[in-house]
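Below: one structure, written as structure tokens.
Numbering of residues begins at 1 and proceeds along the displayed sequence. In listed order, ligands and their atoms are each counted from 1.
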Amino acid sequence: MKTPVQGFSKLSKTEKIDWIATNCTKDPENTKRLLEQFWNADPKVQKLHDEFIENTISNYYLPFAIAPNFLINGDYLAIPMAIEESSVVAAASKAAKFWLERGGFKAEIIGTEKVGQVHFIYKGDKEKLSGFFNFVKPELLKSVASITQNMEKRGGGINNIELRDLSGKIKGYYQLHCTFETLDAMGANFINSCLEQFAKTLKEQALSFNAFTDKEKDIEIVMSILSNYVPNCLVKAEVSCPVSDLGNADMPSEEFAEKFVQAVNIANIEPYRAVTHNKGIMNGIDAVVLATGNDFRAVEAGVHAYAAKEGQYSSLTHAKIEDGIFKFWIEVPLALGTVGGLTSLHPLVKLALEILQNPTAKELMQIVAVAGLAQNFAAVRSLVTTGIQKGHMKMHLLNMLNQMGATESEKQQLVTYFKDQTVTNASVKEALEKIKSE
Ligand code: MEV
């Protein structure tokens, strides 16, 4: 791109493609062909995707896969996952099968509270602001009645509005800290609409609050927005079994259990390890969050903030051995929805939810937490026994072979050959060359 483009969003899709292909790629015709190749064959489905975001020129595929055999609170589930990393689904499936034979996963909701804040500046007497808040609180609630009506009918709505004084940190800075119950919706639009109305009402009512001086009447709204930090929208998932049932061909059960607990303890106290440990958990969580059309950036931000809630970044999972029982669990905040957003729009999201038996948001929170726990179990299990590369490189083998231009029959032969060989870039290259020369 040599010069900026004016009015790009106003161009037609074809014009956008022409512009990008000509200005930013070496082979415009090939670029156009590639972009078109990824369009959906059904124009209606393509239009739907075009309209999800602005300036759509094609679709970006991720594999959509299934990790079967999860037993969660006594129910069997096949979990859909959207992810590009080669070993994730295999690891989840392996962990699911392992725990299927040991009573499965148990999951429970600890809380479902969502949060939003109106951030404002008030330069005046604190006592008077408190008095004003007590006066205005019912007005705030009244002012959002038309927004909350439907949510309230279903049992949700606004839980509380609190005035928080942060003027010790930033001069004149206060918040309306608001909590919500949004049931099966992730609730971002509902929360933000309520907050923006609260802000308007707060400002308006201050103007006519007699106890305020003119300066105090002039409340400055800085912003109104939900928080993706939801420490009280929390789910717990766990597995447990007698240590002797942990049977593992790579290591005696007791040694495995102790090493496993040690690895989790390390992630608890050592941030360098905790980040990677939690990254493995997010491999499972994000894949299900994405497949079910939820906002994985929101989930990521909230989860990592939760992992640092004690002042140091730490593990989301915990493990212990007590009276011969191995117990492994996760506690994780997850603001998810099974209605609204993409859930009824994206055909594959609809299918993913159907595969999961159309869960409520609470059920989906439990499923996602289980996917995270399973993923972490599989990763730590490999780490403390065979090392991660054995399984990882096996799964990566097909990517390597594709990159090296192997034919289908060469791939088949080499997948069989590498069942009991170490996979490295050099060993795969050598084996492929050998087959090609035969
Ligand atoms: C790789 O995507 C994830 C792991 O690094 C997680 C971990 O180390 O626990 C294997």
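When each atom of ligand 1 is checked for a heavy atom of E85 under 4.0 Å away, the hits are 1 (C), 2 (O). Below 4.0 Å from some heavy atom of L383 lie the following atoms of ligand 1, by number and element: 7 (C), 8 (O), 9 (O). Near K279, meaning under 4.0 Å from one of its heavy atoms, ligand 1 places the atoms 1 (C), 2 (O). Those atoms of ligand 1 that come under 4.0 Å of a heavy atom in N283, given as number and element, are 1 (C), 2 (O), 3 (C).
Taking the charged nitrogens against the carboxylate oxygens, E51 and K47 do have a contact shorter than 4.0 Å, which makes a salt bridge. The existence of a salt bridge linking E108 and K106 is excluded, since no basic side-chain nitrogen approaches an acidic carboxylate oxygen closer than 4.0 Å.
The protein non-hydrogen atom at the shortest distance from atom 9 (O) of ligand 1 is R273 NH2, 2.8 Å.
Assignment of Q375 to the shell around ligand 1 is not supported, since no heavy atom sits closer than 4.0 Å. Using a 4.0 angstrom heavy-atom cutoff, T276 counts as in contact with ligand 1.
Using a 3.5 Å distance cut-off with no hydrogens or angles, the side chains of H49 and T56 do not pair a donor with an acceptor.
Paired with K32 under the rule side-chain hydrogen bond (donor to acceptor under 3.5 Å, both in side chains), one option of T25, D18, T22 passes, and it is D18.
For the pair V289/M282, no side-chain contact is recorded, criterion being any heavy-atom separation below 4.5 Å from C-beta on.
Checked against side-chain contact (heavy atoms from CB on, under 4.5 Å), E410 has the following partners two or more places apart in sequence or in another chain: A406, T407, L432, I435, K436.
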